[in-house]
Amino acid sequence: MSIHWPIIRSLLRSPRRIAVVDDRRSYRGIELVVGAMHAAAAIKSRCDTPTVGVMLPTSGAFPIAALAGWMLGKTVVPLNYLLKPDELQYVIDNCGTDTVLTAGPLLEFMGYTPRVKHLTRLESLDFSGVPDPIRPALAQPDDLAVLLYTSGTSGKPKGVMLSHGNLRANVDQVLNWISLTRRDSLLGVLPQFHSFGMTVLTLMPLAGGLQVVYPARFVPQKIVRLIKEHRPTVLVAIPSMYNALLSAKDAVPEDFTSLRLVVSGGEPLPDAVAAKFRERFGIIINEGYGLTETSPATNWCRPFEYRPHSVGRPLPGIEQRIVDPSTGNALPPGHDGEVQMRGPNVMQGYYKLPEETARAFTTDGFFRTGDIGRIDDDGHLYITGRLKEMLIIGGENVFPREIEEVLNRHPAVADSGVIGIHDPIRGELPIAFVEPREGESVEPSSLLSWCRTYLAGYKVPREIRILPSLPRNPTGKIMRRELKKLA
């Protein structure tokens, strides 16, 4: 059940075939494997800890580094290079690694160096000649493969423990569910330190024999050019990226004819973005769903099962249910409640946080996602909000997303974020922050009139504020905590 073995087997099945193309070069299958063996030799001579850090831009270097760590039986810790120095140092200290594989230009760009015993720049290693012989380690299903750090409730990042069995299960689930073959190719546009970018855009395609193209940065015009040049059949991105692609003025439907599967994940896809993408390019964007704690994919809407707003049915081997958040009782189809999941891809727990781990699971082993959703009669899941983001206005439950959907339909609005503020009479009141479309201007008063047309009175924002851009995390999600500081 080692996650690296199916990847190595797949790469060596066609050793001379191009497996990865990034901004610097292309890699044949054999070059990725041999490169990983060279990197493993460097790690072996330096690293005395069970964990090894990997801080690299989106590229072919990431799978080389990850495979090297797993070949030695190490736990790989992907590091978010967009973190502030203190945040990054906390992660390094918490996971206890003494070695970080990185790239020199990345550190120079960031302007700092994490304090570790061995900071190994991957490009400085000697990849020429025959690597030292190494027999890749055999891992058990429960052996820890990856520590992925995500935001914690206390403000400190918390490590999500994903085993070899978790990752291997999720890779197999996705490959089988959407019937990908070695004839397919994929454009990987998400950072590989994120669970989405690591599993779905790196481990899954390499294990399945797909060729992957990795741009280091998401630039809409560049993405369109890469699609035209490499003709990928699969594009997986997040909603803000699809919204940004609409700004590529020269893009035309013919540019995207190679794509047979276009999927959005990471957060709900706004209606306005889906409609404009379909209208302009003739492409239906299917949605998927998952969390870092679930490796990450749990649901995936396939083209022949497309339903607007649905993230699809659960992947093979995953059980899903909707429960009443206040009682824990299961709810029938069509009712909103907390989404809970159980399956072989669900994490082992949070690193060094036993109490948070215990709170994350029910007594019968279901993971509490913290998301609100409903399931239809055919098992298709619809995500309607976050449990922690739900507003209670005069006793009525209101989810920010339903207000945001209305705002995002306005022709001058690029995106919006809604939060709640305390009100002594009504409990909470919504405040909206709006990012205008490029070249557009809009007045709060006109947006309030727009909302009154489409929303019940108690859902209309008390105030609308215009921002040049909304605060986002590295994967493009709106950071509501930052919006609350502005309220």
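Count residues from 1 along the sequence.
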Between [X] and [Y]: side-chain donor-acceptor atoms closer than 3.5 Å:
X    : Y    : result
N299 : Q320 : yes
R46  : T120 : yes
R437 : S247 : no
S163 : N166 : yes
R217 : T58  : no
N408 : S416 : yes
Q89  : D86  : no

Would the number of heavy atoms belonging to other residues, nucleotides or ligands and lying under 6.0 Å from [atom1] of [X] be above 12?
X    : atom1 : answer
E229 : CD    : yes
D250 : CG    : no
R9   : CZ    : yes
R13  : CZ    : no
K44  : NZ    : no
R17  : CZ    : yes
K276 : NZ    : yes

Is it true that [X] and [Y] make a salt bridge, defined as a side-chain N closer than 4.0 Å to a carboxylate O?
X    : Y    : value
K117 : D48  : yes
D23  : K222 : yes
R115 : D93  : no
K477 : E267 : no
R302 : E305 : yes
D415 : R472 : yes
R342 : E293 : no

Might you point out which heavy atoms bring [X] and [Y] nearest each other, and give the distance in Å?
X    : Y    : value
V91  : Y149 : CG1-CD1, 3.5 Å
G379 : P314 : O-CD, 3.6 Å
R386 : T369 : NH1-O, 2.9 Å
V200 : W300 : CG1-CH2, 3.9 Å
P131 : M37  : CB-CB, 3.8 Å
A360 : M347 : CB-CE, 4.3 Å

Tell me if a side-chain donor or acceptor on [X] pairs with a main-chain N or O of [Y] at a distance below 3.5 Å.
X    : Y    : value
Q173 : P316 : yes
D22  : G60  : yes
S295 : N345 : yes
S185 : V212 : no
T357 : L353 : yes
N170 : A297 : yes
H194 : F196 : yes
D132 : A41  : no
T102 : L56  : no

Handout entry: Ring center gap for F366 and F361 short of 6.0 angstrom
Key = no
Exercise for the section: Decide if the gap between the ring center of Y382 and the ring center of H309 is smaller than 6.0 angstrom. Expected result: no
Exercise for the section: May I have the step-by-step check of salt bridge (charged side-chain N to carboxylate O under 4.0 Å, His left out) for K485 and E482, ending in yes or no? Expected result: CA-CA 5 Å; K485 294 177 183 179; E482 296 301 315; 3.2 Å; yes
Practice task
Sequence neighbours left out, what passes side-chain hydrogen bond (donor to acceptor under 3.5 Å, both in side chains) with R25? Give chain and number order.
Solution key: E31
Practice task
Could you walk me through whether D184 and R260 pass salt bridge (charged side-chain N to carboxylate O under 4.0 Å, His left out), step by step?
Solution key: CA-CA 9 Å; D184 285 300; R260 72 173 183 87; 2.9 Å; yes
Handout entry: Criterion salt bridge (charged side-chain N to carboxylate O under 4.0 Å, His left out) on D378 and R307, from CA distance to verdict
Key = CA-CA 11 Å; D378 298 321; R307 300 186 184 190; 2.8 Å; yes
Handout entry: Candidate pair D371 and E338, rule side chain to side chain contact (heavy atoms under 4.5 Å, CB included), full reasoning
Key = CA-CA 6 Å; D371 285 324; E338 185 185 23; over 6 Å; no
Would you say [X] and [Y] make side-chain contact, with heavy atoms under 4.5 Å?
X    : Y    : answer
T97  : C95  : yes
N286 : S264 : no
P232 : V213 : no
Q340 : T362 : yes
R313 : L381 : no

Exercise for the section: Identify the residue among L190, L186, T202 that makes a side chain to side chain contact (heavy atoms under 4.5 Å, CB included) with Y214. Expected result: T202
Handout entry: L206, I3, I7 screened by side chain to side chain contact (heavy atoms under 4.5 Å, CB included) with V171, the one that passes
Key = I3
Handout entry: Check against salt bridge (charged side-chain N to carboxylate O under 4.0 Å, His left out), E254 and R231
Key = CA-CA 11 Å; E254 290 73 20; R231 311 300 292 165; over 6 Å; no
Exercise for the section: May I have all residue pairs that pass ring-ring contact (aromatic ring centres under 6.0 Å, His included) and include part of residues 261-297, sequence neighbours excluded? Expected result: Y242-F277, F256-F281, F277-F281
Side-chain donor/acceptor pairs under 3.5 Å, residues 69-76, sequence neighbours excluded:
from	atom 1	to	atom 2	distance (Å)
W70	NE1	A145	O	2.9
K74	NZ	T49	O	2.7
T75	OG1	L144	O	3.0

Exercise for the section: Quick one: do Q140 and D143 satisfy side-chain hydrogen bond (donor to acceptor under 3.5 Å, both in side chains)? Show the steps, please. Expected result: CA-CA 5 Å; Q140 297 301 312; D143 288 346; 5.6 Å; no
